[in-house]
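Comments concern the structure below.
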There are 2 protein chains.
Amino acid sequence: MDRFVSHYTLRLDAKGRVSIPAPFRAVLARDGFDGLYCYPALDRPALDAGGNALLKEIETLIERFAPYSEEREQFSATLYSTSEILKVDGEGRVVLSEPLKSHAGIADAVAFAGHGHKFQIWEPGRFRAELAEATEKVRALKKQLGTRVAADGPHGARE
Amino acid sequence: MDRFVSHYTLRLDAKGRVSIPAPFRAVLARDGFDGLYCYPALDRPALDAGGNALLKEIETLIERFAPYSEEREQFSATLYSTSEILKVDGEGRVVLSEPLKSHAGIADAVAFAGHGHKFQIWEPGRFRAELAEATEKVRALKKQLGTRVAADGPHGARE
DNA sequence: CGTGACTCCATTGACGCCCAAATAAACCCA
DNA sequence: TGGGTTTATTTGGGCGTCAATGGAGTCACG
C-alpha cells in the first residue's frame, strides 16, 4: 500500500521522541524520502507530514502562482521556512521541534492520522474532537448528495 | 535534500561572525558554489543568499528584459553591484559587511529562512513579523484555492 | 609597527546513533 | 479453539560525534 491510512496514538519518551507508526514508515520507505517532511498546517492546530508526495503537492500549489508574484513569494516563504525535515532514527522515531509542538499543542502524546498522500500529527484530545466534528459534517454532506456516495469507513473505532 | 528548508536563529560573536546553519551548508556544498552569494533583497529588509542556483535565477530574471534595454541595465547594475561573495571560514561562518547589515537592520543575531533554491537573512524580530504576516495572507489565499479545488476533485473535502 | 583579517584550536552542549528491555501482536500447533 | 511461542514494534538509556561559539595565534597589508 502506498497511502497513509488509519490512525494511531503514541507517546513521547523522556527525550521527546515518538515512533512513527510502522505502517506509515512502510509508506515513507516506499516513497523514498530521507527523513520526514513536516510543517504546521495552515488552518488548524495540527502538523502535516509526509515525503516526496507531499513535497510535490506543495510545489504544485506554489506553481499555480506566477513567478515573482507577491503571492508566490509569500507561499514559498511561508511553506519552506516553516517546514522542517525531521531526522528519523534507526528505530523509526522523530523529535518534534518546539515550534511544531506548540502549534499543535502537543505535550506528551500524539495522534497520527492518515490522509492518503500525507498524514497529520495531532494532540490526541484535539484529534478526537476534530474527528467527531468532521464525521458529523461528512454525514450531512452525504445526505445532501443524496445517492450513496460510498465509503463510510469501517475503521473509525481504532485507538 | 537540495533545497533550503526551515529556519534558524543564530547569534553573531564579538567579531561579527555567524555560523551558517549546518543544513544550509550541506545544500551549498552540494550546489558547488565557493563562498556565499549575498545581496540586499529588493523589496524588503532582508538579504538574499545562496549559491549557483540563486545566481542562475538572477540571470534568468535579467534575461527577461530586452538586451541593452534601460530596464535590463538597471536590473543588472542593481543586482550585481550590490551583491557580495562572502567568504566562509573553516567552521562555516561568514562576516556580513556593514551595508548588508544595515539594509536588514541586523545587530547581534540573525534569522536564516529557507526559500527552496535560496535563503534569506533577517533581523530575528522582523522575521517573526514578516512570517506572521505572510502566513495570514497565505491562509486567505489557500481558502480561495480550496473552494476552487473542491469543485473538481474527489479529495477536496479534506482541507 | 599597528591594524585588521583569516586560520586554527578549544569548550560546551545538543543531537544522532547504537544497543537493550518491555510490550504487544501475530502465528503455529496441538 | 486455546495455549504457548515467536516475531515485530515500541520504549528506554548510554555514548560518541558534530555543530555552535569563543578565543588565541599567524599572516598580510597599510
### Message
Quick check on contacts: within residues 33-40 of chain A, what sits under 4.0 Å from DNA chain D by heavy-atom distance?
### Response
none
### Summary
Members sharing B:Phe127's hydrophobic cluster, built from side-chain contacts under 4.5 Å between Ile, Leu, Val, Met, Phe, Trp and Tyr, are B:Trp122, B:Leu131
### Message
Counting primed atoms plus P, OP1 and OP2 as sugar-phosphate and everything else as base, spell out the protein contacts along nucleotides 17-30 of chain D at 4.0 Å heavy-atom distance: B, S or - for each nucleotide, 5' to 3'.
### Response
--SSBBBB------
#### Entry: Side chain B:Arg30, main chain B:Asp2, donor-acceptor under 3.5 Å
no
### Query
Taking only residues two or more places apart in sequence or in another chain, which ones pass side-chain hydrogen bond (donor to acceptor under 3.5 Å, both in side chains) with B:Tyr37?
B:Ser83
### Task
Return yes when atom OH of A:Tyr68 has more than 12 non-hydrogen atoms of other residues, nucleotides or ligands closer than 6.0 Å, and no otherwise.
yes
#### Entry: Co-members of the apolar cluster containing B:Val95 [side chain, <4.5 Å]
none
#### Entry: Side chain A:Arg72, main chain A:Phe65, donor-acceptor under 3.5 Å
yes
For a quick test of your reading: what N or O donor-acceptor pairs under 3.5 Å do the side chains of residues 47-55 of chain B make, sequence neighbours left out?
unit_1: B:Asp48; atom_1: OD1; unit_2: B:Gln120; atom_2: NE2; d: 2.9
unit_1: B:Asp48; atom_1: OD2; unit_2: B:Tyr39; atom_2: OH; d: 3.1
unit_1: B:Asp48; atom_1: OD2; unit_2: B:Lys118; atom_2: NZ; d: 2.9
unit_1: B:Asn52; atom_1: ND2; unit_2: B:Asp31; atom_2: O; d: 3.2
unit_1: B:Asn52; atom_1: ND2; unit_2: B:Asp31; atom_2: OD1; d: 3.3

### Query
Hey, would you say the B:Phe4 and B:Phe24 ring centroids sit under 6.0 Å apart?
yes
### Message
Considering only residues two or more places apart or on different chains, which pairs with a residue in residues 53-67 of chain B satisfy salt bridge (Lys or Arg N to Asp or Glu O under 4.0 Å)?
### Response
none
### Query
Considering residues at least two apart in sequence or located in another chain, which fulfil the ring-ring contact (aromatic ring centres under 6.0 Å, His included) criterion with B:Tyr80?
none
### Query
Of all residues at least two apart in sequence or in a different chain, which pass the side-chain contact (heavy atoms from CB on, under 4.5 Å) check with A:Ala22?
A:Arg25
### Message
Reading DNA chain C in the 5' to 3' direction, which nucleotide is the first one with an atom under 4.0 Å from a heavy atom of chain A, and which is the last?
### Response
C:dG16 to C:dC19
### Query
Restricting to pairs with a member in residues 73-101 of chain A, which pass salt bridge (Lys or Arg N to Asp or Glu O under 4.0 Å), not counting sequence neighbours?
A:Asp13-A:Arg93, A:Asp89-A:Arg93, A:Glu91-A:Arg93, A:Glu98-A:Lys101
Which pairs, protein N/O on one side and nucleotides 5-7 of chain D N/O on the other, fall under 3.5 Å?
none

